[in-house]
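Values below: every heavy atom of this structure, side chains too, minus hydrogens, waters and symmetry copies. Chain letters run A, B, ... following the sequence lines, proteins first, then strands; residues in each count from 1. This is a predicted model, so every value here is computed, not measured.
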2 protein chains.
Amino acid sequence: MAKERSYSSLIARLKAGGLRPTRQRLALARLLFEGGDRHLTAEQLHSEAEESAVRVSVATVYNTLHQFTKVGLLREVVVEPGRSYFDTNVDDHHHFYFEATGDLQDIPSDRLRVRELPEPPEGTRIERVDVVVRVRNLET
Amino acid sequence: MAKERSYSSLIARLKAGGLRPTRQRLALARLLFEGGDRHLTAEQLHSEAEESAVRVSVATVYNTLHQFTKVGLLREVVVEPGRSYFDTNVDDHHHFYFEATGDLQDIPSDRLRVRELPEPPEGTRIERVDVVVRVRNLET
DNA sequence: ATAATAGTTTGGAATTGTTCTAAACTATTG
DNA sequence: CAATAGTTTAGAACAATTCCAAACTATTAT
(Lines give C-alpha, C1' and ligand atoms only; values in the text may rest on other atoms or scores of the structure.)
Protein backbone atom coordinates (compact mmCIF):
# COMPACT_ATOMS: atom_id res chain seq x y z
CA MET A 1 0.00 0.00 0.00
CA ALA A 2 2.44 2.62 1.13
CA LYS A 3 4.89 0.75 -1.02
CA GLU A 4 3.46 1.97 -4.27
CA ARG A 5 3.19 5.53 -3.16
CA SER A 6 6.67 5.52 -1.76
CA TYR A 7 8.03 3.97 -4.93
CA SER A 8 6.52 6.41 -7.34
CA SER A 9 7.24 9.32 -5.08
CA LEU A 10 10.86 8.27 -5.08
CA ILE A 11 11.20 9.22 -8.70
CA ALA A 12 9.77 12.59 -7.84
CA ARG A 13 12.08 12.97 -4.91
CA LEU A 14 15.10 12.14 -6.98
CA LYS A 15 14.06 14.60 -9.63
CA ALA A 16 13.43 17.25 -7.01
CA GLY A 17 17.01 16.78 -5.94
CA GLY A 18 18.21 17.08 -9.52
CA LEU A 19 18.99 13.38 -9.79
CA ARG A 20 17.91 11.40 -12.81
CA PRO A 21 15.97 8.29 -11.88
CA THR A 22 18.36 5.78 -13.35
CA ARG A 23 18.14 2.03 -13.11
CA GLN A 24 20.88 1.95 -10.46
CA ARG A 25 19.52 4.73 -8.32
CA LEU A 26 16.05 3.30 -8.32
CA ALA A 27 17.25 -0.18 -7.48
CA LEU A 28 19.35 1.12 -4.60
CA ALA A 29 16.51 3.31 -3.42
CA ARG A 30 14.21 0.31 -3.23
CA LEU A 31 16.73 -1.67 -1.25
CA LEU A 32 17.19 1.25 1.08
CA PHE A 33 13.66 2.47 1.55
CA GLU A 34 11.44 -0.54 1.23
CA GLY A 35 12.47 -2.05 4.52
CA GLY A 36 11.71 0.45 7.25
CA ASP A 37 14.46 2.22 9.14
CA ARG A 38 17.87 0.93 8.23
CA HIS A 39 21.49 1.67 8.94
CA LEU A 40 23.76 0.46 6.21
CA THR A 41 27.35 0.80 5.16
CA ALA A 42 28.29 1.15 1.51
CA GLU A 43 29.69 -2.36 1.62
CA GLN A 44 26.49 -3.79 2.99
CA LEU A 45 24.34 -2.08 0.42
CA HIS A 46 26.60 -3.25 -2.34
CA SER A 47 26.30 -6.85 -1.12
CA GLU A 48 22.53 -6.59 -0.91
CA ALA A 49 22.47 -5.33 -4.44
CA GLU A 50 24.52 -8.27 -5.62
CA GLU A 51 22.28 -10.69 -3.77
CA SER A 52 19.26 -9.13 -5.45
CA ALA A 53 20.99 -9.51 -8.79
CA VAL A 54 21.21 -5.77 -9.23
CA ARG A 55 24.34 -4.87 -11.15
CA VAL A 56 25.95 -1.81 -9.62
CA SER A 57 29.55 -0.88 -9.13
CA VAL A 58 31.00 0.04 -5.78
CA ALA A 59 31.70 3.52 -7.08
CA THR A 60 28.04 3.97 -7.90
CA VAL A 61 26.98 2.79 -4.49
CA TYR A 62 29.21 5.42 -2.92
CA ASN A 63 28.10 8.11 -5.35
CA THR A 64 24.48 7.28 -4.78
CA LEU A 65 24.73 7.22 -1.01
CA HIS A 66 26.35 10.63 -1.00
CA GLN A 67 23.92 12.09 -3.48
CA PHE A 68 20.95 10.75 -1.52
CA THR A 69 22.45 12.24 1.58
CA LYS A 70 22.86 15.60 -0.11
CA VAL A 71 19.24 15.73 -1.20
CA GLY A 72 18.03 14.68 2.21
CA LEU A 73 16.94 11.11 1.56
CA LEU A 74 19.61 9.74 3.83
CA ARG A 75 21.65 10.82 6.77
CA GLU A 76 25.23 9.86 7.38
CA VAL A 77 26.10 8.56 10.83
CA VAL A 78 29.66 8.33 12.08
CA VAL A 79 30.21 6.11 15.10
CA GLU A 80 33.17 4.02 14.25
CA PRO A 81 36.44 5.02 12.69
CA GLY A 82 36.84 3.91 9.12
CA ARG A 83 33.25 3.07 8.38
CA SER A 84 30.24 5.23 7.55
CA TYR A 85 26.66 4.27 8.13
CA PHE A 86 23.78 5.70 6.18
CA ASP A 87 20.49 6.03 7.96
CA THR A 88 17.21 5.90 6.09
CA ASN A 89 15.54 7.80 8.89
CA VAL A 90 16.14 11.47 8.30
CA ASP A 91 13.92 12.74 11.07
CA ASP A 92 15.44 14.29 14.14
CA HIS A 93 16.61 11.40 16.29
CA HIS A 94 19.61 9.79 17.94
CA HIS A 95 21.27 6.39 18.20
CA PHE A 96 22.20 3.49 20.34
CA TYR A 97 25.42 1.98 19.14
CA PHE A 98 26.18 -1.62 20.03
CA GLU A 99 29.91 -1.86 20.32
CA ALA A 100 29.82 -5.64 20.22
CA THR A 101 28.06 -6.00 16.89
CA GLY A 102 28.50 -2.61 15.27
CA ASP A 103 24.73 -2.24 15.00
CA LEU A 104 22.79 0.97 15.33
CA GLN A 105 19.31 1.50 16.71
CA ASP A 106 17.27 4.66 16.52
CA ILE A 107 16.31 6.64 19.59
CA PRO A 108 13.31 8.81 18.71
CA SER A 109 13.93 12.42 19.62
CA ASP A 110 11.14 12.46 22.20
CA ARG A 111 12.97 9.78 24.16
CA LEU A 112 16.15 11.80 24.53
CA ARG A 113 16.61 15.52 24.68
CA VAL A 114 19.60 17.76 24.84
CA ARG A 115 19.16 20.81 26.95
CA GLU A 116 21.22 23.89 27.71
CA LEU A 117 22.77 23.65 24.29
CA PRO A 118 25.63 26.16 24.42
CA GLU A 119 25.90 29.07 22.00
CA PRO A 120 27.86 28.09 18.94
CA PRO A 121 31.24 29.81 18.69
CA GLU A 122 31.40 33.23 17.05
CA GLY A 123 30.74 33.14 13.33
CA THR A 124 29.23 29.67 13.24
CA ARG A 125 25.80 28.15 13.36
CA ILE A 126 24.74 24.76 14.61
CA GLU A 127 24.25 22.36 11.78
CA ARG A 128 23.19 19.30 13.73
CA VAL A 129 23.43 17.68 17.13
CA ASP A 130 24.30 14.01 17.14
CA VAL A 131 23.94 11.92 20.25
CA VAL A 132 25.37 8.42 20.30
CA VAL A 133 24.64 6.22 23.29
CA ARG A 134 27.27 3.51 23.26
CA VAL A 135 26.12 0.31 24.85
CA ARG A 136 27.98 -2.84 25.71
CA ASN A 137 26.79 -6.27 26.61
CA LEU A 138 26.15 -6.90 30.26
CA GLU A 139 28.94 -8.77 31.91
CA THR A 140 29.64 -12.37 31.34
CA MET B 1 54.53 23.48 38.61
CA ALA B 2 51.87 20.96 37.74
CA LYS B 3 54.25 19.89 35.03
CA GLU B 4 56.58 18.05 37.32
CA ARG B 5 53.85 16.33 39.17
CA SER B 6 52.07 15.35 36.01
CA TYR B 7 55.27 14.09 34.48
CA SER B 8 56.32 11.86 37.31
CA SER B 9 52.79 10.67 37.89
CA LEU B 10 52.69 9.65 34.28
CA ILE B 11 55.13 6.87 34.91
CA ALA B 12 52.93 5.72 37.73
CA ARG B 13 49.85 5.90 35.59
CA LEU B 14 51.45 3.89 32.85
CA LYS B 15 52.55 1.27 35.32
CA ALA B 16 49.12 1.18 36.85
CA GLY B 17 47.79 0.34 33.42
CA GLY B 18 50.38 -2.38 33.00
CA LEU B 19 52.40 -0.36 30.49
CA ARG B 20 56.14 -0.09 30.77
CA PRO B 21 57.36 3.47 30.77
CA THR B 22 59.46 3.25 27.65
CA ARG B 23 61.26 6.07 25.90
CA GLN B 24 58.59 6.23 23.20
CA ARG B 25 55.61 6.13 25.48
CA LEU B 26 56.99 8.79 27.74
CA ALA B 27 57.89 11.06 24.85
CA LEU B 28 54.42 10.71 23.35
CA ALA B 29 52.83 11.21 26.75
CA ARG B 30 54.68 14.50 27.17
CA LEU B 31 53.59 15.71 23.78
CA LEU B 32 50.04 14.75 24.57
CA PHE B 33 49.67 15.88 28.13
CA GLU B 34 51.93 18.87 28.55
CA GLY B 35 49.78 21.17 26.49
CA GLY B 36 46.34 21.30 28.04
CA ASP B 37 43.33 19.79 26.33
CA ARG B 38 44.13 18.51 22.89
CA HIS B 39 42.45 16.63 20.08
CA LEU B 40 44.94 14.87 17.89
CA THR B 41 44.98 12.32 15.13
CA ALA B 42 47.67 9.66 14.98
CA GLU B 43 49.16 11.45 11.99
CA GLN B 44 49.35 14.73 13.84
CA LEU B 45 50.98 13.20 16.86
CA HIS B 46 53.49 11.43 14.69
CA SER B 47 54.40 14.72 12.98
CA GLU B 48 54.79 16.47 16.31
CA ALA B 49 57.07 13.72 17.45
CA GLU B 50 59.23 14.11 14.36
CA GLU B 51 59.38 17.87 14.84
CA SER B 52 60.49 17.34 18.41
CA ALA B 53 63.16 14.97 17.17
CA VAL B 54 61.52 12.03 18.90
CA ARG B 55 62.09 8.87 16.92
CA VAL B 56 58.90 6.80 16.88
CA SER B 57 57.35 4.68 14.19
CA VAL B 58 53.79 5.18 13.01
CA ALA B 59 52.93 1.74 14.30
CA THR B 60 54.06 2.72 17.77
CA VAL B 61 52.03 5.91 17.67
CA TYR B 62 48.94 3.87 16.89
CA ASN B 63 49.76 1.24 19.50
CA THR B 64 50.40 3.88 22.12
CA LEU B 65 47.24 5.84 21.40
CA HIS B 66 45.16 2.72 21.73
CA GLN B 67 46.92 1.55 24.85
CA PHE B 68 46.56 4.96 26.46
CA THR B 69 42.90 4.91 25.56
CA LYS B 70 42.49 1.49 27.12
CA VAL B 71 44.00 2.57 30.42
CA GLY B 72 41.96 5.75 30.49
CA LEU B 73 44.57 8.35 29.71
CA LEU B 74 42.89 9.24 26.43
CA ARG B 75 39.49 9.11 24.90
CA GLU B 76 38.80 8.34 21.29
CA VAL B 77 36.44 10.66 19.46
CA VAL B 78 34.86 9.72 16.16
CA VAL B 79 33.33 12.56 14.21
CA GLU B 80 34.55 12.09 10.72
CA PRO B 81 34.72 8.94 8.67
CA GLY B 82 38.20 7.67 8.16
CA ARG B 83 39.96 9.59 10.88
CA SER B 84 40.12 9.15 14.64
CA TYR B 85 40.81 11.88 17.13
CA PHE B 86 42.24 11.24 20.55
CA ASP B 87 41.20 13.60 23.30
CA THR B 88 43.45 14.28 26.26
CA ASN B 89 40.43 15.32 28.29
CA VAL B 90 38.92 12.18 29.73
CA ASP B 91 36.37 13.90 31.95
CA ASP B 92 32.72 13.75 31.07
CA HIS B 93 32.21 16.32 28.32
CA HIS B 94 31.07 16.81 24.75
CA HIS B 95 32.28 18.44 21.54
CA PHE B 96 31.78 21.11 18.99
CA TYR B 97 32.95 19.89 15.63
CA PHE B 98 33.89 22.47 12.99
CA GLU B 99 33.05 20.93 9.67
CA ALA B 100 35.09 23.50 7.81
CA THR B 101 38.39 22.86 9.54
CA GLY B 102 37.95 19.47 11.12
CA ASP B 103 38.70 20.95 14.54
CA LEU B 104 37.16 19.88 17.81
CA GLN B 105 36.38 21.98 20.85
CA ASP B 106 35.32 20.72 24.24
CA ILE B 107 31.93 21.48 25.70
CA PRO B 108 32.13 21.02 29.47
CA SER B 109 29.39 18.74 30.70
CA ASP B 110 27.74 21.47 32.74
CA ARG B 111 27.12 23.44 29.57
CA LEU B 112 25.15 20.68 27.88
CA ARG B 113 23.02 18.00 29.41
CA VAL B 114 21.21 15.04 28.04
CA ARG B 115 17.95 14.29 29.74
CA GLU B 116 15.42 11.51 29.52
CA LEU B 117 18.13 9.10 28.57
CA PRO B 118 16.24 5.99 27.50
CA GLU B 119 16.78 2.61 29.11
CA PRO B 120 19.48 0.68 27.32
CA PRO B 121 18.18 -2.34 25.42
CA GLU B 122 17.82 -5.62 27.28
CA GLY B 123 21.13 -7.17 28.26
CA THR B 124 23.22 -4.07 27.72
CA ARG B 125 24.55 -1.23 29.77
CA ILE B 126 25.38 2.30 28.72
CA GLU B 127 29.06 2.71 28.22
CA ARG B 128 29.16 6.35 27.25
CA VAL B 129 27.04 9.11 25.77
CA ASP B 130 28.72 11.17 23.09
CA VAL B 131 27.23 14.43 21.91
CA VAL B 132 28.69 16.12 18.86
CA VAL B 133 27.44 19.57 17.97
CA ARG B 134 28.35 20.10 14.35
CA VAL B 135 28.85 23.73 13.45
CA ARG B 136 29.37 25.38 10.13
CA ASN B 137 30.60 28.82 9.22
CA LEU B 138 27.98 31.51 8.96
CA GLU B 139 27.03 32.25 5.42
CA THR B 140 29.23 33.97 2.95
C1' DA C 1 75.49 -7.50 37.83
C1' DT C 2 73.57 -10.80 34.37
C1' DA C 3 70.92 -13.89 32.00
C1' DA C 4 66.48 -15.17 30.97
C1' DT C 5 61.82 -13.55 29.86
C1' DA C 6 58.28 -10.99 28.69
C1' DG C 7 56.87 -6.92 26.78
C1' DT C 8 57.91 -3.32 23.11
C1' DT C 9 59.28 -1.22 18.87
C1' DT C 10 60.08 -1.18 14.07
C1' DG C 11 59.92 -0.89 8.81
C1' DG C 12 57.50 -2.43 5.51
C1' DA C 13 53.97 -5.02 3.61
C1' DA C 14 49.07 -5.77 3.81
C1' DT C 15 44.32 -4.52 4.52
C1' DT C 16 40.25 -1.69 4.54
C1' DG C 17 37.22 1.71 3.22
C1' DT C 18 36.77 5.26 0.03
C1' DT C 19 37.72 8.37 -3.91
C1' DC C 20 39.39 9.29 -8.51
C1' DT C 21 39.62 8.88 -13.54
C1' DA C 22 38.62 8.71 -18.18
C1' DA C 23 35.99 6.13 -21.27
C1' DA C 24 31.51 4.07 -22.31
C1' DC C 25 26.75 4.63 -21.61
C1' DT C 26 21.92 6.59 -20.95
C1' DA C 27 18.32 9.89 -19.89
C1' DT C 28 16.60 14.20 -21.36
C1' DT C 29 16.04 18.14 -24.53
C1' DG C 30 15.42 20.37 -28.70
C1' DC D 1 16.51 11.32 -33.59
C1' DA D 2 20.69 13.86 -32.69
C1' DA D 3 23.02 16.59 -29.43
C1' DT D 4 24.19 17.25 -24.63
C1' DA D 5 24.53 16.79 -20.13
C1' DG D 6 24.47 13.73 -16.56
C1' DT D 7 25.67 8.81 -15.05
C1' DT D 8 28.03 4.55 -14.57
C1' DT D 9 31.97 1.71 -14.54
C1' DA D 10 36.38 -0.97 -13.77
C1' DG D 11 40.30 -0.41 -12.03
C1' DA D 12 43.89 2.40 -10.31
C1' DA D 13 45.03 5.39 -6.58
C1' DC D 14 44.71 6.88 -1.91
C1' DA D 15 44.50 7.42 3.10
C1' DA D 16 44.23 5.66 7.53
C1' DT D 17 45.15 1.85 10.03
C1' DT D 18 46.66 -2.82 11.20
C1' DC D 19 49.65 -6.73 10.77
C1' DC D 20 54.07 -9.08 10.85
C1' DA D 21 58.23 -11.22 12.30
C1' DA D 22 62.64 -9.72 13.64
C1' DA D 23 65.37 -6.72 16.59
C1' DC D 24 65.39 -4.44 20.85
C1' DT D 25 64.70 -3.10 25.89
C1' DA D 26 62.73 -3.11 30.48
C1' DT D 27 62.02 -6.13 34.24
C1' DT D 28 62.76 -10.33 37.06
C1' DA D 29 65.06 -13.84 39.06
C1' DT D 30 69.52 -15.41 39.94
For this session: May I ask you to test the A:Leu138-B:Thr124 pair for a side-chain heavy-atom distance under 4.5 Å?
Result: no
Exercise. Does the side chain of B:Asp87 come within less than 4.5 Å of B:Asp106's, by heavy atoms?
Worked result: yes
Any chance you could measure [X], atom [atom1], to [Y], atom [atom2], to the nearest 0.5 Å?
X: A:His39; Y: A:Asp103; atom1: NE2; atom2: CG; value: 9.5 Å
X: B:Ser84; Y: B:Phe86; atom1: OG; atom2: CZ; value: 5.0 Å
X: B:Thr60; Y: B:Leu65; atom1: OG1; atom2: CG; value: 10.5 Å
X: B:Arg136; Y: A:Glu127; atom1: CZ; atom2: CD; value: 3.5 Å
X: A:Arg20; Y: A:Gln24; atom1: CZ; atom2: CD; value: 12.5 Å

Problem set entry | Any residue of residues 24-32 of chain A with a heavy atom less than 4.0 Å from an atom of DNA chain D | A:Gln24, A:Arg25
Problem set entry | Sorted by number, the residues of residues 44-81 of chain B with heavy-atom contact under 4.0 Å to DNA chain D | B:Ala59, B:Tyr62, B:His66
Exercise. Whole-Å distance between C:dG17 C1' and A:Leu40 CG?
Worked result: 16 Å
Exercise. Looking just at side-chain N and O atoms, do B:Tyr97 and B:Glu80 make a donor-acceptor pair shorter than 3.5 Å?
Worked result: yes
For this session: Give one of base, sugar-phosphate or nothing for B:Ser84, where a contact means two heavy atoms less than 4.0 Å apart.
Result: sugar-phosphate
Problem set entry | Residues in salt bridge (Lys or Arg N to Asp or Glu O under 4.0 Å) contact with B:Arg25, at least two apart in sequence or another chain | none
Exercise. Quick one: bend of the helix from C:dA1-D:dT30 to C:dG30-D:dC1 from 5 pairs per end, to 10°?
Worked result: 30°
For this session: Kindly say whether B:Ala42 contributes a backbone atom to a donor-acceptor pair with the side chain of B:His46 at under 3.5 angstrom?
Result: no
Exercise. Taking the inter-plane angle between the rings of A:Phe96 and A:Phe98 on a 0 to 90° scale, is it parallel (under 30°), tilted (30 to 60°) or perpendicular (over 60°)?
Worked result: tilted
For this session: Give me the ring orientation class for A:His95 and A:His93: parallel if the planes are under 30° apart, tilted from 30 to 60°, perpendicular past 60°.
Result: perpendicular
For this session: If you link ILVMFWY side chains whenever their heavy atoms are less than 4.5 Å apart, which other residues fall into the same cluster as A:Val78? By chain and number, please.
Result: B:Val78
Protein-nucleotides 22-30 of chain C N/O pairs closer than 3.5 Å?
residue : atom : partner : partner atom : Å
C:dA27  : N3   : A:Arg20 : NH1          : 3.3

